[in-house]
Q: 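Pasting a structure below so you can have a look.
Whatever order the structure lists them in is the order used to number ligands and atoms, beginning at 1.
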Amino acid sequence: MDLQQLKKQLSKDLNKASNSKDLQDLKIKYLGKKGRISLLSKDLGKLSQSERPKAGKAINHLKKFFEEQSQILSKEIEQKEINAILETESIDISLPVESEKLGNLHPITKTIDKICQYFISRGYSIEDGPEIESEYFNFDALNIPKDHPARDMHDTFYVDAQMLLRTHTSPVQIRSILKSKAPLKIICPGKVYRSDADQTHTPMFHQIEGLLIDEKVNFGNLKHELTEFLNYFFGKKLKVRFRPSYFPFTEPSAEVDIMDKKGWLEIMGCGMVHPNVLKEAGVDPKKYSGFAFGLGIERMTKLDYQMDDMRLLFENDLRLISQSKNEDFKIALR
Ligand code: PHE
């Protein structure tokens with residue numbers, strides 16, 4: 001075989017190779033066990049002593065030529081292949097992404113946070129009390145003796161003869177005064193229970209209790225505090241009305257109503273802490289006076305989110321929970 005011709009053929013083949021597979025095939029074709037160059041080396045033995053060195057040299061030369069050329073080509077092909085991968089795998093950062101689904105707080109929790117934040121900024125501290133409460137803290141200490149008709153109004157769930165599920169957050173008033181004495185400024189958010197269920201009542205609901213005790217606290221302070229709070233909560237000046245009412249643990253007592261689309265809506269009870277309550281908790285009513293209020297969280301949430309039925313808040317419908325407070329809210333629930 002003419003080496004010159006083989007070299008030509010080899011160059012031609014190398015020129016045609018366009019990927020690493022082609023190159024691999026060529027390596028086998030020329031340098032493999034039965035490759036064209038390898039066979040030539042084997043045939044060397046058939047040559048005469050004098051011809052052998054020259055022919056060997058020429059074959060080695062060809063071998064080296066092939067190796068050098070294929071190495072250069074291999075680098076080119078590798079680069080070409082990397083470029084091709086980079087091109088097809090490029091990331092289009094302008095493509096829209098599906099947003100991550102984030103968890104959400106329940107509207108009740110959000111309302112509690114919103115209210116607590118306000119009162120904390122006004123210097124109140126947050127208190128806590130047990131949901132399984134004694135009759136004493138839920139009623140007696142709050143100036144509601146055993147035979148008092150107010151007890152019947154509460155539709156109480158009794159646990160046993162002395163213990164019950166608290167019907168309001170007011171027992172925390174007594175617990176806080178006993179703990180911290182006067183002067184005092186606390187709020188207490190929490191669950192309360194009453195055996196009651198219809199479109200506007202659920203057997204478990206949430207209240208926030210507020211209590212302020214200091215020297216010379218009067219009803220004007222109470223009105224101012226609550227009106228300011230309501231303006232903050234609804235983000236506008238609402239029509240607010242303090243309607244005379246009755247609670248055994250406040251005197252005088254009032255119900256706070258706000259003007260809704262459908263008319264006046266009752267949202268909280270309040271009043272000046274009854275002297276009997278202060279005395280029971282060991283505070284001198286001649287030196288100190290105070291006001292207290294109890295606010296229904298579900299009502300506030302319902303108004304804030306413009307919901308029709310409060311029971312939605314208890315159905316664990318994720319569509320409700322994932323809505324932020326806006327008009328889409330109603331649409332999402334259809
Ligand atoms: N505890 C009363 C209720 O549940 C509300 C209230 C609290 C009224 C504090 C006056 C003062 O209805």
Q: Looking at residues at least two apart in the chain, or sitting in another chain, which of them share a salt bridge (charged side-chain N to carboxylate O under 4.0 Å, His left out) with E255?
A: none
Q: What residue among E133, E280, E127 forms salt bridge (Lys or Arg N to Asp or Glu O under 4.0 Å) with R175?
A: E133
Q: Rounded to the nearest 0.5 Å, how far does OG of S245 lie from CE of M268?
A: 13.5 Å
Q: Can you tell me how far the CG atom of D214 sits from the CG atom of L184, to the nearest 0.5 Å?
A: 9.5 Å
Q: Could you tell me whether the side chain of D160 and the main chain of M163 form a donor-acceptor pair under 3.5 Å?
A: yes
Q: Regarding Y158 and E135, is there a side-chain donor-to-acceptor distance under 3.5 Å anywhere?
A: yes
Q: Please give the N or O to N or O pairs under 3.5 Å between ligand 1 and the protein, distances rounded to 0.1 Å.
A:
from     : atom 1 : to   : atom 2 : distance (Å)
ligand 1 : 1 (N)  : H168 : ND1    : 2.9
ligand 1 : 1 (N)  : S170 : OG     : 2.9
ligand 1 : 4 (O)  : R194 : NH2    : 2.9
ligand 1 : 4 (O)  : Q207 : NE2    : 2.9

